[in-house]
Protein chains: 2
Amino acid sequence: MPPREEGTCEARVVHGAKLAALAPLLPNAEGVQAAAERFRVLGDATRLRMLLALSLSELCVCDLTELLGITQTAASQHLKILRAYGLVRYRKEGRMAFYRLADSSLLGMLSGLRQRAGGREVANGGQSG
Amino acid sequence: MPPREEGTCEARVVHGAKLAALAPLLPNAEGVQAAAERFRVLGDATRLRMLLALSLSELCVCDLTELLGITQTAASQHLKILRAYGLVRYRKEGRMAFYRLADSSLLGMLSGLRQRAGGREVANGGQSG
DNA sequence: TCAATGCATGAGCACATACGCATACATAAC
DNA sequence: GTTATGTATGCGTATGTGCTCATGCATTGA
């Protein structure tokens, strides 16, 4: 009969051994934080649509602005975030900046998402033209 | 020489065809929104640590509270979100609620994350004790 | 019945964030 | 040089979010 720990939850006694075994199996805080931040970057619909578009083709900011129906400011700010997390790269050509995916590991996820989330009615198949 | 579209970005003319081809390949807004929301749920370090812990063992709220060093309220609120998105399930046993992963498709991602993000110094291997 | 315990929920607050506006910067055209 | 265009960046604001505190609910045990 172990003495109750100072806390209130009696389960600490019941599950104490399990917790002690689990704790060292969890990644350290920084690793989880980094992974969570990466997920959070993907957790915005506008950014996700940007990445989906860039998974299909290199595009300039103007293209993204029009394709996604957002303002140029919004596009530029989201691209800044995607750059900061190393998800996109860009090259400048004159006044224009052409962005493309930097992380090829995203390609699989994005193409899977395109298929699961549904590329509009493209599955239509054989049109007469 | 096509007439300039009403907008200001000349690239619309240059890349117009490309954009027209790309648009139908992108998932509809709802699909992307749903995917983004799912990413956003994973985009919180506390929730991600919860899922990592639950990927190793079924745990009650009290266990999670202690294991992650958070308050019971915080744990409960995060679990509510994870429930709402169908990521965890739970069973009640007396006063306690035992949570476990509901989405087995997360298991692969989480175990991969545990290894990449580093399960503390478990890789230590043979300790003398 | 009453108190204790485990969990859930609502209110309030501090902070983050996504957006629009204005503007700055860089390049191109004149 | 000036002007126009494509992009980037401060700033303010509205909204979202994660936390704490207080409280409610359900179950257990006396």
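Just so it is clear: chains get the letters A, B, ... in the order the sequence lines come, proteins before strands, and each one is counted from 1.
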Measure from the side-chain N and O atoms of [X] to the backbone N and O of [Y], and report whether any donor-acceptor pair falls under 3.5 Å.
| X | Y | value |
| --- | --- | --- |
| B/Ser57 | B/Leu54 | no |
| A/Arg49 | B/Val32 | no |
| B/Ser111 | B/Leu107 | yes |

Contact nearer the 5' end of DNA chain C, comparing A/Thr46 with A/Gly94: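 Its nucleotide being nearer the 5' end, the pick is A/Thr46.
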
On DNA chain C, check which nucleotide each of A/Thr73 and A/Arg40 is closest to and give me the residue with the more 5' one.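 In this pair, the answer is A/Arg40.
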
Pick base, sugar-phosphate or nothing for A/Phe98, based on heavy-atom distances below 4.0 Å to the nucleic acid.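 Touches nothing.
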
Length of the [atom1]-[atom2] vector between [X] and [N], whole Å:
| X | N | atom1 | atom2 | result |
| --- | --- | --- | --- | --- |
| A/Lys92 | D/dT5 | NZ | C1' | 12 Å |
| B/Leu64 | C/dC7 | CG | P | 9 Å |
| B/Gln72 | D/dA26 | CD | C1' | 13 Å |
| A/Glu37 | C/dA16 | CD | P | 12 Å |
| B/Met96 | C/dG6 | CE | P | 8 Å |
| B/Ile70 | D/dT20 | CD1 | P | 9 Å |
| A/Arg91 | C/dT27 | CZ | P | 16 Å |
| A/Met50 | D/dT7 | CE | C1' | 12 Å |

Rounded to the nearest 0.5 Å, how far does [atom2] of [Y] lie from [atom1] of [X]?
| X | Y | atom1 | atom2 | answer |
| --- | --- | --- | --- | --- |
| B/Asp63 | A/Leu19 | CG | CG | 4.5 Å |
| B/Leu110 | B/Ser104 | CG | OG | 11.0 Å |
| A/Leu56 | A/Arg114 | CG | CZ | 4.0 Å |

Side chains of A/Arg47 and B/Phe39: closer than 4.5 Å at any heavy-atom pair?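 Side chain of A/Arg47 against side chain of B/Phe39, heavy atoms only: no contact under 4.5 Å found.
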
With a 4.0 Å limit, can you tell me whether A/Tyr90 has a side-chain N or O closer than that to the phosphate oxygens OP1/OP2 of D/dA8?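 Looking at the OP1 and OP2 atoms of D/dA8, neither is under 4.0 Å from any side-chain N or O of A/Tyr90.
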
Using heavy atoms and a sub-4.0 Å distance, could you list which residues of residues 75-84 of chain A are near DNA chain C? By number, please.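 Contacts with DNA chain C under 4.0 Å: A/Gln77, A/His78, A/Ile81.
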
Compare the minimum distances between each of D/dC19, D/dT7, C/dT27 and the side chain of A/Arg95, then state the nucleotide with the smallest one.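 For A/Arg95, the side-chain atoms sit closest to C/dT27.
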
